[in-house]
Amino acid sequence: MKPVKRNAIVSAVVVALFAAIVALAVAITPKEADPADAATTKEAGTGKLVRDDSHRLGAAGTGKAVLVEFLDFECESCRAAYPVVEELRTTYAGKVDFVVRYFPIPSHANAVNSAVAVEAASQQGKFEDMYKRMYDTQETWGEQQDSKASLFRGFAQELGLDMAAYDKAVAAKATLERVERDRQDGLDLGVEGTPTFFLNGKKLQPSSVQGFRDQIDAALNG
């Protein structure tokens with residue numbers, strides 16, 4: 001089979017499975033809070049979906065549709081959703097604001113390490129580059145118990161970052177606090193698994209990729 005054709009088939013399979021991935025994310029991802037705490041945070045909804053320092057992918061949209069994703073770079077479901085998000089970004093470039101929030105799952109040994117690495121890269125204007133690198137390489141480092149911080153440092157070097165500044169950012173308490181603030185917002189909003197999407201403040205539970213697009217179109221059309 002030719003590589004191009006094979007890639008097309010793989011992409012089609014990913015798109016077809018996306019709705020199931022989103023629907024099952026909560027069920028298959030370990031929870032941080034117990035059921036009672038989760039119920040409380042859902043009702044309270046005290047977290048913030050978007051903060052002034054929240055990361056955005058690509059150019060700003062029109063403001064009519066804001067899609068927020070809580071993600072974990074070590075989460076396989078997030079990796080499977082990644083190409084779908086990229087497709088949506090292409091389709092809705094300049095129309096939709098795509099916002100990314102960190103939500104590292106405690107049971108994933110390198111969830112925090114990867115988020116901290118991406119956050120450190122963001123301080124040098126390389127958030128999206130490192131975000132993509134994490135997903136493109138996840139199969140090589142995910143689901144392993146040893147720290148992959150040195151591997152992530154190698155990614156930073158490949159991206160041409162100032163390594164002294166990168167190392168300082170990785171070690172800084174403020175960088176970890178930045179990641180944890182995102183996660184706490186997610187918990188306060190009732191996020192229990194990854195990926196979890198919100199569109200204009202409403203949690204999405206699409207039954208298909210087309211359903212995802214339909215909801216975005218509805219938001220854009222007011």
Side-chain angles (χ1 to χ4, degrees), residues 21-22 25-26 28-33 37-38 41 45-58 66-82 84-86 89 97-138 141-144 147-149 151-153 155-156 159 161 166 168-199 201 203-204:
I21 289 168
V22 173
V26 171
I28 66 176
T29 307
K31 297 180 181 179
E32 170 67 9
D37 290 338
T41 55
T46 56
K48 292 187 177 181
L49 267 175
V50 182
R51 290 182 178 269
D52 291 340
D53 63 351
S54 292
H55 296 298
R56 289 169 170 77
L57 298 173
V66 180
L67 183 67
V68 180
E69 179 184 5
F70 283 86
L71 57 78
D72 173 352
F73 292 109
E74 193 171 357
C75 167
E76 293 182 351
S77 295
C78 293
R79 171 63 183 87
Y82 166 61
V84 177
V85 173
E86 290 297 290
R89 287 181 59 198
D97 291 284
F98 292 87
V99 179
V100 172
R101 306 296 304 274
Y102 304 116
F103 196 83
I105 303 299
S107 62
H108 290 162
N110 285 286
V112 171
N113 280 343
S114 56
V116 166
V118 173
E119 181 58 24
S122 77
Q123 296 177 25
Q124 297 188 48
K126 294 292 185 178
F127 171 80
E128 189 167 336
D129 297 86
M130 189 66 97
Y131 158 91
K132 290 182 176 180
R133 186 63 60 90
M134 289 298 176
Y135 281 138
D136 291 341
T137 63
Q138 189 200 85
W141 59 265
E143 299 300 326
Q144 299 182 40
S147 172
K148 298 300 178 182
L151 175 65
F152 302 151
R153 189 178 189 276
F155 296 165
L159 292 175
L161 300 187
Y166 173 83
K168 183 177 180 180
V170 167
K173 181 180 178 182
T175 305
L176 178 59
E177 289 176 342
R178 168 70 179 77
V179 171
E180 288 300 322
R181 186 169 67 247
D182 267 15
R183 192 171 74 91
Q184 188 58 55
D185 276 345
L187 289 172
D188 290 344
L189 290 162
V191 174
E192 297 174 317
T194 55
T196 294
F197 294 91
F198 291 84
L199 179 63
K203 186 182 291 186
L204 289 184

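Along the sequence shown, residues are numbered consecutively beginning with 1.
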| Sequence neighbours excluded, which residues qualify as salt bridge (charged side-chain N to carboxylate O under 4.0 Å, His left out) partners of Asp182? | Arg101, Arg178
| query | Which word best sums up how the rings of Tyr131 and Phe127 line up, parallel for under 30°, tilted for 30 to 60°, or perpendicular for over 60°? | reply | parallel
| message | Is there a side-chain contact between Phe98 and Val68 in this structure, where contact means two heavy atoms from C-beta onward sitting under 4.5 Å apart? | response | no
| Is any side-chain heavy atom of Leu159 closer than 4.5 Å to a side-chain heavy atom of Arg133? | yes
| query | Going through the distances and angles, do Tyr102 and Glu119 end up as a side-chain hydrogen bond (donor to acceptor under 3.5 Å, both in side chains)? | reply | CA-CA 9 Å; Tyr102 304 116; Glu119 181 58 24; 2.7 Å; yes
| request: Would you please name every residue forming a side-chain hydrogen bond (donor to acceptor under 3.5 Å, both in side chains) with Glu143, sequence neighbours left out? | output: none
| side-chain hydrogen bond (donor to acceptor under 3.5 Å, both in side chains) involving Lys126 - partner list, sequence neighbours excluded | none
| request: Check step by step if side-chain hydrogen bond (donor to acceptor under 3.5 Å, both in side chains) holds for Glu128 and His55. | output: CA-CA 9 Å; Glu128 189 167 336; His55 296 298; over 6 Å; no
| query | After noting the C-alpha distance and the side-chain angles of Glu76 and Arg79, does the key distance pass the salt bridge (Lys or Arg N to Asp or Glu O under 4.0 Å) rule? | reply | CA-CA 5 Å; Glu76 293 182 351; Arg79 171 63 183 87; over 6 Å; no
| request: Would you please test Leu67 and Leu204 for side-chain contact (heavy atoms from CB on, under 4.5 Å) and show each step? | output: CA-CA 9 Å; Leu67 183 67; Leu204 289 184; 3.8 Å; yes
| task | Start with the C-alpha gap between Phe103 and Asp72, add the side-chain angles, then the distance that decides, and say whether side-chain contact (heavy atoms from CB on, under 4.5 Å) holds. | result | CA-CA 5 Å; Phe103 196 83; Asp72 173 352; 5.6 Å; no
Keeping the roles fixed (side chain from [X], backbone from [Y]), state whether a donor-acceptor pair exists under 3.5 Å.
X	Y	value
Thr196	Val191	no
Asn110	Lys148	yes
Gln138	Cys75	yes

For [X] against [Y], the heavy-atom pair lying closest together:
X	Y	answer
Thr194	Cys78	CB-SG, 3.5 Å
Arg183	Pro106	NH1-CG, 4.2 Å
Pro104	Val179	CG-CG1, 3.9 Å
Gly190	Lys203	O-NZ, 3.3 Å
Ala117	Met134	CB-CE, 3.8 Å
Trp141	Phe73	CH2-O, 3.6 Å

| field | Intermediate values then yes/no, side-chain contact (heavy atoms from CB on, under 4.5 Å), Val100 and Leu71 | value | CA-CA 7 Å; Val100 172; Leu71 57 78; 3.5 Å; yes
| Rounded distance [0.5 Å steps], CD in Glu192 versus CG in Leu187 | 9.5 Å
| field | Check against side-chain contact (heavy atoms from CB on, under 4.5 Å), Phe152 and Val118 | value | CA-CA 9 Å; Phe152 302 151; Val118 173; over 6 Å; no
